[in-house]
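Written below as structure tokens is the structure these notes are about.
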Amino acid sequence: RPKKHLGQHFLKDQNIARKIAESLTLHGDYKTVLEVGPGTGVLTQFLIDKKEFQLYVSEIDKESVAYLQKHFASLEGRIIGGDFLKMDLEAIAPGPLAVIGNFPYNISSQIFFKVLDNRQKVPEVVGMIQKEVAVRIAEKEGSRDYGILSVLLQAYYDIDLLFTVPPGVFHPPPKVNSAVIRLKRNKRERLPCDEDLFRKVVKTAFQKRRKTLRNALKELTLPTEFEVNPILQKRAEQLSVEDFFELTLSLEKAWKQSS
Ligand code: SAM
């Protein structure tokens with residue numbers, strides 16, 4: 001019986017499960033893959049016997065864990081019970097690790113924030129999520145759907161929206177369309193600006209996305225010399241990822257000069 005509070009919508013369509021599994025490109029040459037939320041293993045079955053990598057799974061639901069232990073005996077020792085959001089990815093295996101899954105939709109944004117926190121460890125992600133969230137992640141500046149997750153993820157990952165999946169192929173069917181998205185870590189080891197400040201600027205700017213940056217960024221107490229910068233007349237959603245790097249860099253410089 002699917003548990004709603006755990007976002008359990010089980011895939012019924014084997015072909016779609018296979019297609020998701022085959023969407024890993026092995027970008028970054030990892031030897032470990034972690035599946036989030038395997039449930040009854042419809043996706044797991046296409047990942048388990050790959051010679052390119054070793055599969056681990058993370059499942060919060062005890063009943064599903066017991067089911068997997070029984071039906072996927074060869075996964076012994078690699079079924080990790082508990083909350084993916086609280087897991088230490090480094091403890092699973094050393095070296096890079098890819099993340100894949102038909103994600104629980106109630107925590108899909110949090111899963112991507114966790115990926116961001118582990119960006120040096122995670123070279124590739126393939127995930128099925130609500131189409132709306134997938135679009136938000138992939139969107140570029142100028143769109144209403146462009147936001148914090150788009151800018152932060154695009155700073156570190158190249159994003160592909162792969163395909164859309166209708167509600168009817170799940171049990172029970174979710175209320176929304178789904179989509180499979182792929183993230184591949186870009187070549188940037190570090191951002192051209194301070195990474196913590198970048199994150200803070202992006203978050204603050206989008207919290208008041210309808211305001212000009214002059215108003216939206218007020219709480220960061222901008223240096224007086226910076227007040228004349230023409231970029232402050234724009235709104236967050238008009239700035240590209242590169243523009244956000246620039247903005248962060250100029251802020252860093254202005255603060256240095258004023259101190
Ligand atoms: N992979 C299966 C499939 O495609 O049929 C199940 C997908 S279902 C959308 C999401 C799965 O994630 C469920 O099995 C649920 O129990 C599990 N889950 C929910 N929250 C979780 C969490 N915080 N950590 C790990 N697994 C979680």
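Bear in mind that the values here come from a model prediction, so they are computed numbers and not experimental data. Note that ligands are numbered from 1 as they come in the structure, with each ligand's atoms numbered from 1 the same way. For the numbers below, each heavy atom of this structure counts, side chains included, while hydrogens, waters and symmetry mates do not.
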Contact check, Phe103 vs ligand 1, heavy-atom distance below 4.0 Å: yes
Contacts of Asp160 that satisfy salt bridge (charged side-chain N to carboxylate O under 4.0 Å, His left out) - sequence neighbours left out: Arg182
Glu195/Arg199 salt bridge by N-O under 4.0 Å criterion: no
Whether Val42 lies under 4.0 Å from ligand 1, heavy atom: yes
Contact check, Glu35 vs ligand 1, heavy-atom distance below 4.0 Å: yes
Sequence neighbours excluded, every pair satisfying salt bridge (charged side-chain N to carboxylate O under 4.0 Å, His left out) that has a member inside residues 215-234: Arg214-Glu227
Sub-4.0 Å heavy-atom approach of Leu85 to ligand 1: no
Mode of Ile107 contact toward ligand 1 - side chain, backbone, both, neither (heavy atoms, under 4.0 Å): side chain
From the candidates Gly101, Gly39, Gly7, the one that places a heavy atom nearest atom 9 (C) of ligand 1: Gly7
Per atom 18 (N) of ligand 1, closest listed option by heavy atom (Ile60, Ile129, Asp13): Ile60
Option with minimal heavy-atom separation from atom 4 (O) of ligand 1, where the choices are Leu68, Ile100, Asn102: Asn102
Closest protein heavy atom (residue, atom, distance) for atom 19 (C) of ligand 1: Leu6 O, 3.1 Å
Identity and separation of the nearest protein heavy atom to atom 24 (N) of ligand 1: Phe84 N, 3.0 Å
Protein contact of atom 6 (C) of ligand 1 - nearest heavy atom, named by residue and atom, plus distance: Gly37 O, 3.4 Å
Close N or O approach (Asp61, ligand 1; < 3.5 Å): no
Protein contact of atom 14 (O) of ligand 1 - nearest heavy atom, named by residue and atom, plus distance: Glu59 OE1, 2.9 Å
Shortest protein contact, atom 2 (C) of ligand 1 (heavy atom only): Pro38 O, 3.3 Å
